[in-house]
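In what follows, a single structure is set out as structure tokens and then discussed.
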Amino acid sequence: MLRANYILKLLEKNERIDGRKLDEFRQINIEKNIIEKAEGSARVKIGKTDVIAGIKMEIETPFPDTPNEGMLKTNAEFAPIAHPDFLPGPPSEDATELARVVDRGIRESNSIDLEKLCLVEGQKVWGVFIDIHIINHDGNLIDASSLASLIALMNTRIPKYEDEKIIRGEYIGKLPMLHTPINVTVSKILDKYVVDLTKEEEDVLDAWLSVAVREDGYICSMQKGGAKGLNVKNIDEMINLAAKKSKELRKLL
Amino acid sequence: MLRANYILKLLEKNERIDGRKLDEFRQINIEKNIIEKAEGSARVKIGKTDVIAGIKMEIETPFPDTPNEGMLKTNAEFAPIAHPDFLPGPPSEDATELARVVDRGIRESNSIDLEKLCLVEGQKVWGVFIDIHIINHDGNLIDASSLASLIALMNTRIPKYEDEKIIRGEYIGKLPMLHTPINVTVSKILDKYVVDLTKEEEDVLDAWLSVAVREDGYICSMQKGGAKGLNVKNIDEMINLAAKKSKELRKLL
Amino acid sequence: MLRANYILKLLEKNERIDGRKLDEFRQINIEKNIIEKAEGSARVKIGKTDVIAGIKMEIETPFPDTPNEGMLKTNAEFAPIAHPDFLPGPPSEDATELARVVDRGIRESNSIDLEKLCLVEGQKVWGVFIDIHIINHDGNLIDASSLASLIALMNTRIPKYEDEKIIRGEYIGKLPMLHTPINVTVSKILDKYVVDLTKEEEDVLDAWLSVAVREDGYICSMQKGGAKGLNVKNIDEMINLAAKKSKELRKLL
Amino acid sequence: MAKIKGIELIKDGKRLDGRKPLQIRDVEMKVGIIPNANGSAMVRFGKTIAVAAVYGPRLLLPKHLQEGDKAIIQCRYNMAPFSTDDRVKPGSSRREIEISKVIRQAFEPVLFLENYPKTTIDIYIEIIQADGSTRVTSINAASLALADAGVPMKDLVVALSGGKINGTLILDLNGLEDNNSEADMPMAFTANKKEITLLQMDGELKQEEIKKLMTEMFKAGEEIYKMQIKALKDRYSE
Amino acid sequence: MAKIKGIELIKDGKRLDGRKPLQIRDVEMKVGIIPNANGSAMVRFGKTIAVAAVYGPRLLLPKHLQEGDKAIIQCRYNMAPFSTDDRVKPGSSRREIEISKVIRQAFEPVLFLENYPKTTIDIYIEIIQADGSTRVTSINAASLALADAGVPMKDLVVALSGGKINGTLILDLNGLEDNNSEADMPMAFTANKKEITLLQMDGELKQEEIKKLMTEMFKAGEEIYKMQIKALKDRYSE
Amino acid sequence: MAKIKGIELIKDGKRLDGRKPLQIRDVEMKVGIIPNANGSAMVRFGKTIAVAAVYGPRLLLPKHLQEGDKAIIQCRYNMAPFSTDDRVKPGSSRREIEISKVIRQAFEPVLFLENYPKTTIDIYIEIIQADGSTRVTSINAASLALADAGVPMKDLVVALSGGKINGTLILDLNGLEDNNSEADMPMAFTANKKEITLLQMDGELKQEEIKKLMTEMFKAGEEIYKMQIKALKDRYSE
């Protein structure tokens, strides 16, 4: 509690416990293609937060109402290595939300050209599986996971498919990408807007808004969280800040 | 406990706490086709007990030993809205029993002409899914659920099936029904036979016998419950009462 | 604890609580084909330990990398009838290990000629399901279960398969067997090697080594267990003892 | 045992396995087969084999499940994967959950649960082979297992199935009969007082048929009771 | 309601169900429909029907889940199997888990949780029929159920969805619109203070469109709020 | 890495990846990679990458799982969905449950569990990429993570796999070799005392071959031990 009070006191003076500005991200470190067995992969570290996204391509039956489109499935695991509170077992509510927010950012922005992933209409399409594995949790999992997933997708290759078999290790080309949404989560603490919270900052936030911004400026998904409300002005200013920060993050792609 | 004693004391005098006669049902209220999205549906209220049954028609693979018959599957959910003791989670033992008793009444009386539900022998048949949703539980769930299921089935329409797709909202006719079993549960409390127990009456019962009676007088299924035994005379008299009450309930169809 | 100390004290003098020698099995009782409905079955009692293995043959899709081989699946259930500590529910860690150790002994020794179990390459093969059911647990479940499984397999008949249907009760021949691995588990207690432990002996063991020995002397699988380590000399001597005892047990086939 | 269209289950007054309508199958009962259990028994009706074990009364944990003024009965009926024609997948099906419940209730009337507060009496049943009438075979096994465990009972519980095939009332349905019968009626009752503690029925029966069938079932139950008594005596005279 | 390629959802300024872009569907609200619950309500937007029940504040068990200084909210949003075109399999999907979470958070800001330490306030929602906008319909139902339960609230919570079809901003998406929209934005807010307690968006919107849409949603929210008040009055004047 | 009929895994004394029979792959070890954990490490053998984290000794809850006189070890070995050719479905397979158990037992002999009653030492392992020998790679990572956590150990645990391909004894099987080998023998042992704490074998080996293989594995284990020591020194000299 003393720590929490200290964080709040500093914020009142527009200061943060690690010396950052309110709208400043921690250092971001990106490694691409770290998993040879995956069709695409990326590891993103934002400060001490450490996330791996791996992409597997599998043959699936398409959904009946989109018979000529590939499928996208996103899964997040809060591996128990990553935080003392993470326990083995089925995905928690938070892991489920994380996977769905990342998924929507990518899906709703039409990042992947799913129509190019159809092999036999109504019968066989490529399934793109995004698996997010948290290695260390020090806050801002949504932005780190979204970024890792996007970069992994951008580096994903489609394997050869011959005689009803996937030939792993041989590729016919890259995953066709149409758009690159960047997710930025802005939090409100007291009357301040803050980005890229550490875990201990997250423990004192009032509300957060996660915004996926496309390269053309379109907003493609939003999710509000936290135990307090936000007014229209808050939302507007938080989207502004998210849009601004998304441009900075975009340079990392 | 005072309440329980009071109920028992009244029963000794052939009286019930809500003024009903021992063989008298509470007021029954029936609404048909309340769920447009379902192929059939009914809501049955017996006193404060409130149950919805919805029928969904889906394409299924038939069982190997009945390759030209449709399938019937019955499921009951004790939705946590319905009683303070109902909790979210997989079906309880009681919900499982309820679903199976309702299912057997309908299945064993040959209510549905399952042979007319075959599309391609051995490959494709209509599956008839009865889903029972308890909205408020004030006793006698079996009779209420059985009645709701039967009425829902009687109002079920078979959707169009074209090009391997179900066309929801367009129908080719009604579900072919052969029989209409009515389920009546008779309980023994002390040496009395009582029908349509409220929840607080159920808490003091000795034993119950649920009997499905067909329009031609045949008994099609029975289930005994409760922590005490019944002798042959009890059973005989309870079947008598169930048969008599089933005729009254049949008028509601 | 007194009992445990007594067991240990006796062992120091090379004696066991039931009068056996350290390398002596309890009486082994074998019944074959006790389950008519199973394609093969055996019940093995070693002292008070009582195990049934049943074999079911089912049609399966082969694994993609072995399209013309049958499949082997082994499952063990610690039925709650068998011991006060066994509770209903999904397989425990120990039951999982038991199933996998039995499975490996049979699989790795190429006991079954799986290539002869292919019906349609890449599409239909026979699946051989070994189900181990513990009836009473008084130690040495691995050896008893392995023996029961092997004998059940040796007595398994392949059902007729016609018009895409298994004709149960009619058979086309025996399951083709190539090898007969015998599993012997040797335990180390203090500095002694002991075989066929009872449950109360197992509670005081230091380490165990389970060894599957084929009729040609090849070792086909090993598994070490227990909370203490073993040195190379231990391992060597324990394999020696296992090999020796396997010859005795082999006479029971 | 599949459903077979138009199968004739009774010819010249004999069932397909040669039995007369009211004849029960060859029965075997053995008490005390599981050394670890407080009580146990195996009962076989024809090819149907049930093994029952009783553990308890023993302290029920976790505490919040305890009843302060009586014991609870926990019952699990389970089919071994190899017990049927097609392999049974491990894990409780809805059928098994329901049967576990009705078996538990078949014993509630005869046990002195109020004598063992905060405890559980666990009745575990494994169907080793299933050829019809498994729940009633289970009840006979559990009845013996409870007696073997020394759990005081007001009366032994006896169980069997009755039914109707091709218009004829029969006793002790086998699997083929069960799947093709016009009616199937399992029943359990106390051996002496004839209190019915389990009764289920599926199919089509007139009320008179039910009465008639019950009368025959009580009669046959006398025989089953004698076998139970004999099995218990054999156990204690070992 | 499937995704349909190239479907035109708006023609001559009218939506396929005849509504104007900013018109919400026929709404029905009924409070107190579940006698067993501490509070309950049914809310219908067009064909979408949500039933909510509130139990509590009641003691939370087991103990280790309790919060010493406040109540927790437990929320479950569940779709009835028959509520949609294709049957929904029972059991919580990932979608239902996420929606349960955001609905719970939609009420956290308005409840005095610190007044009820060690308890839980359970909000259970059943979607009886789903034709788009189910989560916002659920929130309106839950808001009424909480009021009916007498759980003190800082403000009622009002919810509706906005979106964009064929370039036009609309309110209250039905199922067909939801599945074929360019954007879908559910929102919940406190009726008087206009504090937004749930906000989600999927699709493609410019920031100005979001602002414009929110303005319209607040306006329509006034109407929904009036309906809530009326439904509560009807309940108490019964 | 599929099973391939008739594959020749060794030619002219060289394995398909160019290694000599008794040569282990390129190894990388890094300690302290997970800031939140009490101890952590990454170990890579060729393409096989394991990450281990240790939490504890920490109080074990709920209470009824505690051992009054010692700590328990809880171990979970888990494969990341993207770690293999075909995606691994999340959730513990039977293989993972067994491996978790044998890894746990590989450490029981070296920990002073009696010093930490009522606690748990949690060893969590994630396989980030799998190319054979994952369980022994995991043990090397867990050994370093335990040391990094400051959990006192009698000795470091060293692990590697041995096996036989085309009649030749080899060390450190990769995935292709594992799936097509004549024998696969993972082993873990204490670095100094050479106490074997994990030993498994699948395949066909003569007893002399097992002895010979173990001798080579102990030799190679010396090298792995040196790498462990170096990785720990690098950590503390950061």
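Below, each value reflects all heavy atoms present in this structure, side chains not excepted, and no hydrogens, waters or symmetry copies. Just so we're on the same page: letters track the sequence lines, and every chain starts at 1.
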Could you tell me if the side chain of [Y] sits less than 4.5 Å from the side chain of [X], heavy atoms only?
X     : Y     : value
F:N36 : A:P84 : yes
F:Y55 : A:D85 : no
F:I49 : A:I34 : no

[X], [atom1] atom: more than 12 neighbouring heavy atoms under 6.0 Å:
X      : atom1 : answer
F:E114 : CD    : yes
F:K101 : NZ    : yes
A:F63  : CZ    : no
F:K47  : NZ    : no

Q. Counting only N and O atoms by type, is there a donor-acceptor contact under 3.5 Å from the side chain of F:R87 to the main-chain atoms of A:D131?
A. no
(Q) Would the distance check show the side chain of F:Q129 and the main-chain N or O of A:K37 forming a donor-acceptor pair, the cut-off being under 3.5 Å? (A) yes
Which heavy atom of [X] sits nearest a heavy atom of [Y], and at what distance?
X     : Y      : value
F:P81 : A:K56  : O-CG, 4.0 Å
A:A79 : F:E126 : CB-OE2, 3.5 Å
A:P88 : F:Y124 : CG-CE2, 3.5 Å
F:I34 : A:I81  : CG2-O, 3.4 Å

Q: Could you tell me the separation between the CD1 atom of A:I130 and the CZ atom of F:F82, rounded to the nearest 0.5 Å?
A: 12.0 Å
**Q.** Greatest number of heavy atom pairs closer than 4.5 Å to chain A - which of F:N78, F:V51, F:D122
**A.** F:N78
Q | Proximity breakdown for A:N75 and chain F, heavy-atom pairs closer than 4.5 Å | A | side chain
(Q) If I measure from the heavy atoms of chain F, does A:E36 come under 4.5 Å with its side chain, its backbone, both, or neither? (A) both
Q.
Here's a test for you: under side-chain hydrogen bond (donor to acceptor under 3.5 Å, both in side chains), which of F:T84, F:D85, F:D86 qualifies with A:R168?
A. F:D86
Q: Take F:I128 and A:I135 through the test side chain to side chain contact (heavy atoms under 4.5 Å, CB included) and record every step on the way to the result.
A: CA-CA 10 Å; F:I128 300 301; A:I135 304 298; 4.1 Å; yes
